[in-house]
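Step one of this worksheet: look at the structure below.
Quick note: numbers below take in every heavy atom, side chains included, and nothing from hydrogens, waters or symmetry partners. Quick note on labels: first sequence line is chain A, next is B, and so on, each numbered from 1.
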Amino acid sequence: ERIFHIRDHSDVLIPASHQAELIIDKGSAQQFLLKYGFMRPGSWEESQSDTALVPAAASTAPFDMTPLIQEGDSGSRAGKESASKDPAENPTFISALRDFQEVSGLRVTGVLDDATKAAMNKPRCGVPDKALDSNVTATANATDTRLNQTLFISTTAAGATRGLDSTHSRDGPTGSLGPER
Amino acid sequence: RKRFLETLLLRKRRRRDLTGAGQVGFSKKVLKWRLMGEGYSSQLSIDEQRYVFKLAFRMWSEVCPVEFEEDLTSPLFEIDVRLGFGTGRHLGCAQSFDGAGREFAHAWFLGDIHFDDDEHFTAPSGGNGISLLKVAVHEIGHVLGLPHIYRGGSIMQPSYVPQDSAFEIDWMDRKAIQQLYGGCKGRFNTVFDWVRKERTPYGELVIRFNTYFIRDSWYWLYENRSNRTRYGDPIALQVGWHGIPSDGVDAYVHVWDWRTDAAYFFKGTQYWRYDSENDQVYTQDSEGQRYPRLISEGFPGIPSPINTAFYNRRDSRIYFFKDLHVYSFDVRTNKKVNGFPMRITDVFPAVVPGDHPIGNLDVAYFSYTHNSIFFLKGSHFWKVVSSQDRRQNPSLPYNGVLPRKDIDSHWFDICNVHMSTLKM
């Protein structure tokens, strides 16, 4: 039990603003799939041809930001706009959902059912489950200052993914992670 | 001064290089970590938080050749892993936390770890909530280079799995991290099977043995059945073996026949007799001998210090090894056997020419699990041909030494931890 000092526990109650938004509909599910790597940023834009920006989740994730991604927040705004078109019909969304259901040990239906929502709402780590596509590797040689550390890491994470779990593998790093600028 | 920045970058870059196993990861063997002052959690005491992280880092050290040291004083750029708690937008991080529920932490490969302080983290002994220890071990796995692994029992599963009992890093996760950093290697001072008599709850007398590896001032119990060391090992030598030199021993010999049951530790020019019943060295044994005693007194004709020794039950002799020679001592006559010392290569000939430890052995160990004698030296071992081997292949020479193998391919996960975490 969290330690409280006031009889009504008001000092440990978490204000609503500090509650994570639950995943209850397809739009938030789509954000989840994008954030954790089950959907690639590019594929999602292609199906929304009039948006050129990547959604915030992808751009602000500490592990898969590429220098080509400009402003993270605008992406999330774009994400909401795209929600107006029903992702349920989006084949990419459905296949990503099936992928998530498969790795989570759920029945693979491609439908955002309650069990899938519950799995998405579990407490979890913020690192993506899947490495994103390999052109992130090309950015590995960005300058190595702490601010750019995420760039270096995501590539390597991709490399690490590859060596250990073939179901998530993508093609390997294109070599030379050395000190080139 | 003009190239200062360049040296700065260079130093940092060298830290992130290829690991011993040729993978991209930390190339350093000892990493520094620090819980940032501006990132303390509001839920646990600072000591609790630091203790949990110390234990989490130690758990990884127990299974891979990387040690972690908490460093509260060095300049920040020398810290390899910085940890901190925050809510929403936090610690200058590009990814905000989402509040209580869902995302509870994230980490950077070869870098930092952030925890969402809106989550209800609990210390290992805490009740409900999210185990901070479990989350920390998971995130440190990311820092070291492991991705999410969808496998029941893996600590690297992305979603939190409540734990009803203490959790450990399982076999597959150990192999995953060793794929990145290689196995744990190193010399041992001695390896032995400690045999003791115990009574079952029904009063039956049973004889049990456990295998122990000693390196300098710490030791591991090796669980042969599980192919790993005991969870939580290594332990400081004086914690488990009372009265023997705390900085390590040269050899352990258990003389066990129908007349004698005596365990001895050897170090330098002296030896101690160990009272297995009371788990401490004798100051005076039942025959009135006081310990420690000089080896030359208890085993006339045997030089000291020795490299190692073992008792051979087949001929009731102790074989002492020193440099290139082996001495045989008959415990029934309490005399050195005529004809010894002899060259080790003569008494234990190589089965494959040229593949022999020659001398200066670290360990000569008779294993009850394998019913065989092993010679350990550096990071390799040589198995001595056993009677079973000769039944299968009569052409093998008596006491022949089979080709060497890596110790860590036979006895797994015997890994050092940083001295600062030894007494946890």
Side-chain angles (χ1 to χ4, degrees), chain A residues 1-3 12 14-23 32 35-37 57 59-63 65 72 102-105 119-131 143-147 149-150 152-165 167-168 173 177-179, chain B residues 9-10 12-13 16-18 23-25 43 77 87-88 92-112 114 116 118-120 122 126-130 135 138-139 142-152 156-161 175-176 179-180:
Chain A
E1 180 183 58
R2 293 181 81 163
I3 296 171
V12 293
I14 298 176
S17 62
H18 277 218
Q19 294 285 346
E21 280 179 38
L22 290 179
I23 292 173
F32 175 93
K35 177 175 181 178
Y36 294 109
S59 62
T60 54
F63 328 108
M65 190 166 69
E102 184 187 354
V103 296
S104 303
M120 286 182 170
N121 282 319
K122 273 184 180 174
R124 59 159 290 152
C125 168
V127 171
D129 296 340
K130 287 173 169 268
T143 53
D144 183 14
T145 61
R146 181 138 316 248
L147 280 179
Q149 188 179 351
T150 53
F152 176 76
I153 293 164
S154 57
T155 310
T156 315
T161 304
R162 199 162 357 274
L164 299 170
D165 187 337
T167 55
H168 296 279
L177 291 178
Chain B
L9 276 178
L10 189 59
K12 195 175 288 181
R13 180 160 295 282
R16 305 186 184 103
D17 209 327
L18 292 184
Q23 302 281 333
V24 175
Q43 308 178 56
F77 71 85
T87 59
C93 175
Q95 177 155 333
S96 303
F97 280 129
D98 54 10
R102 293 184 57 206
E103 185 175 344
F104 48 58
H106 47 228
W108 281 257
F109 178 37
L110 307 181
D112 301 346
H114 298 167
D116 185 349
D118 276 328
E119 304 297 342
H120 177 38
T122 54
N128 294 330
I130 292 181
V135 171
H138 173 100
E139 299 303 334
H142 282 317
V143 169
L144 292 172
L146 290 181
H148 280 152
I149 300 176
Y150 273 95
R151 181 180 52 77
M156 297 311 294
Q157 291 180 83
S159 298
Y160 180 75
V161 176
K175 294 308 125 192
Q179 231 183 7
L180 293 182

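Rounding to the nearest 0.5 Å places CD of B/Glu103 at 10.0 Å from CZ of A/Phe32. Atom CG of residue A/Leu22 and atom CG of residue B/Asp98 lie 10.0 Å apart, to the nearest 0.5 angstrom. The structure places CG of A/Asn121 at 10.0 Å from OG of B/Ser159, a figure rounded to the nearest 0.5 Å.
Among B/Arg151, B/Met156, B/Glu139, the residue making the largest number of heavy-atom pairs under 4.5 Å with chain A is B/Glu139. Ranked by heavy-atom pairs under 4.5 Å with chain A, the list B/Ala105, B/Gly101, B/Gly88 is led by B/Ala105.
Salt bridge status for B/Arg102 with A/Glu21: absent, with no side-chain N to carboxylate O gap under 4.0 Å.
No donor-acceptor pair under 3.5 Å is formed between the side chain of B/His142 and the backbone N or O of A/Val127.
For the pair A/Lys35 and B/Gln95, the minimum side-chain heavy-atom distance is below 4.5 Å. Side-chain contact between A/Ser104 and B/Tyr150 is present, with heavy atoms from C-beta onward closer than 4.5 Å.
Scanning for side-chain contact (heavy atoms from CB on, under 4.5 Å) contacts around B/Thr87 gives A/His18, B/Asp116, B/Asp117, B/Asp118, with sequence neighbours left out. B/Phe104 is linked by a ring pair (Phe, Tyr, Trp, His ring centres under 6.0 Å) to nothing, counting only residues two or more places apart in sequence or in another chain.
At a 4.5 Å heavy-atom cutoff, B/Gln157 makes no contact with chain A through either its backbone or its side chain.
The two atoms that bring A/Cys125 and B/His138 nearest to each other are CB-NE2, 3.3 Å, heavy atoms only.
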